[in-house]
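Read the structure below first, then the notes.
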Amino acid sequence: KLEQKIKNKELDLAIAGISITDERQREFSFTDTYYETYLQIVVRKDSQITDRKEITEKKIGVVEGTSSAQYAEDYKNITKVWNDPEKGTIDATIYDTTGIQNYMKEHADNTNLSVLNEQLNSEESNYGIMFAKGYKYLDQFNVALQVLNNDGTYQKLKEQWIKTKE
């Protein structure tokens with residue numbers, strides 16, 4: 001896990017779509033948000049589930065260690081998070097919208113899944129760079145992110161590497 005490697009000082013930082021949650025902020029320092037996202041629910045197309053209230057008694061899978069893990073059973077393998085709802089072995093999965101959009105785009109011709117039109121937990125889903133608590137160069141990272149944002153570099157990087165609907 002990235003968190004443990006930062007705690008053990010094996011890594012100085014982690015930047016991998018890491019959501020800034022209240023729980024994580026108690027243990028780690030984060031930069032300002034560099035990417036805004038939210039969680040969504042994915043179900044089979046033939047499911048009768050149309051609303052998040054309808055999944056309370058359902059079997060839901062999420063990726064272990066993600067911000068959606070508070071909602072359901074953890075999977076260590078991201079492939080199972082997509083394959084199991086496709087096969088019907090779980091009723092739904094919850095994942096961030098960026099990952100969902102990428103999956104749906106890559107599998108547009110052969111997916112049996114659909115996305116509910118609801119945003120979950122948007123205030124705790126935004127991405128930031130994670131450091132050990134009290135990291136001394138955090139302010140410099142925030143300034144660098146602001147410069148990249150202000151000069152247009154960040155937008156170019158997003159367009160090149162993060163192919164989603166915005």
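In this text, all values refer to a predicted model and were calculated from it rather than measured experimentally. FYI, side chains are in, hydrogens and waters are out, and symmetry mates aren't considered; it's all heavy atoms of this structure.
Relative ring orientation between F30 and F28 is described as perpendicular, the plane-to-plane angle rising above 60° on a 0-90° scale split at 30° and 60°. Ring-plane geometry between Y154 and Y34 is classed as perpendicular, the angle between the planes exceeding 60 degrees on a 0 to 90 degree scale with a lower cut at 30.
For the pair V42/Y103, no side-chain contact is recorded, criterion being any heavy-atom separation below 4.5 Å from C-beta on. A 4.5 Å side-chain heavy-atom check between N126 and Y38 finds every atom pair outside the cut-off. For the pair E36/Y127, no side-chain contact is recorded, criterion being any heavy-atom separation below 4.5 Å from C-beta on. Counting heavy atoms from C-beta outward, R24 and E3 have side chains that approach closer than 4.5 Å.
By the 6.0 Å contact criterion, CD on Q25 is enclosed, its count of non-hydrogen atoms from other residues, nucleotides or ligands being greater than 12. Environment of NZ in K87: crowded, with over 12 heavy atoms of neighbouring residues, nucleotides or ligands closer than 6.0 Å. Residue D151 places its CG atom among more than 12 non-hydrogen atoms of other residues, nucleotides or ligands, all under 6.0 Å distant.
How far NZ of K7 is from CG of L2: 12.5 Å, rounded to the nearest 0.5 Å. Between the CZ atom in F141 and the CD1 atom in I15 there is a gap of 8.5 Å [rounded to 0.5 Å]. The distance from the CE atom of M130 to the CD1 atom of I18 is 4.0 Å, given to the nearest 0.5 Å. For the atom pair K133 NZ and I6 CD1, the distance stands at 12.5 Å (nearest 0.5 Å). The line from CG of L138 to CG of N142 is 5.0 Å long, rounded to the nearest 0.5 Å. Put simply, CD on Q140 and OH on Y135 are 8.5 Å apart, with the number rounded to the nearest 0.5 Å.
No donor-acceptor distance shorter than 3.5 angstrom exists from the side chain of N149 to the backbone of L145, with no hydrogens or angles considered. At distances below 3.5 Å, at least one donor-acceptor pair connects side-chain atoms of S47 with backbone N or O atoms of I49. In terms of modelled atom types and a separation under 3.5 Å, the side chain of T31 and the main chain of I129 share a donor-acceptor contact.
For the residue pair N8 and Q4, a side-chain donor N or O sits within less than 3.5 Å of a side-chain acceptor on the partner. Looking at D12 and Y137, their side chains never bring a donor and an acceptor atom within 3.5 Å of each other.
Contacts of N112 classified as side-chain contact (heavy atoms from CB on, under 4.5 Å), with partners at least two apart in sequence or in another chain: R44, K45, E86. Annotation: side-chain contact (heavy atoms from CB on, under 4.5 Å) contacts of D109 (sequence neighbours excluded): none.
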Could you go step by step and tell me if Q101 and K105 meet the side chain to side chain contact (heavy atoms under 4.5 Å, CB included) rule? CA-CA 6 Å; Q101 288 175 8; K105 182 178 178 183; over 6 Å; no
Can you check side chain to side chain contact (heavy atoms under 4.5 Å, CB included) on I41 and V43, steps first, answer last? CA-CA 7 Å; I41 300 168; V43 297; 4.0 Å; yes
Checking side chain to side chain contact (heavy atoms under 4.5 Å, CB included) for the pair E118/D51: CA distance, chi angles, key distance, verdict? CA-CA 8 Å; E118 292 187 62; D51 182 273; 3.5 Å; yes
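Contact detail for L113 and M104: the closest heavy-atom pair is O-CE, 3.2 Å. When every heavy atom of G134 is checked against every heavy atom of S29, the shortest pair comes out as N-OG, 2.8 Å. Closest approach of I100 to Y95, counting heavy atoms only: CD1-O, 3.3 Å.
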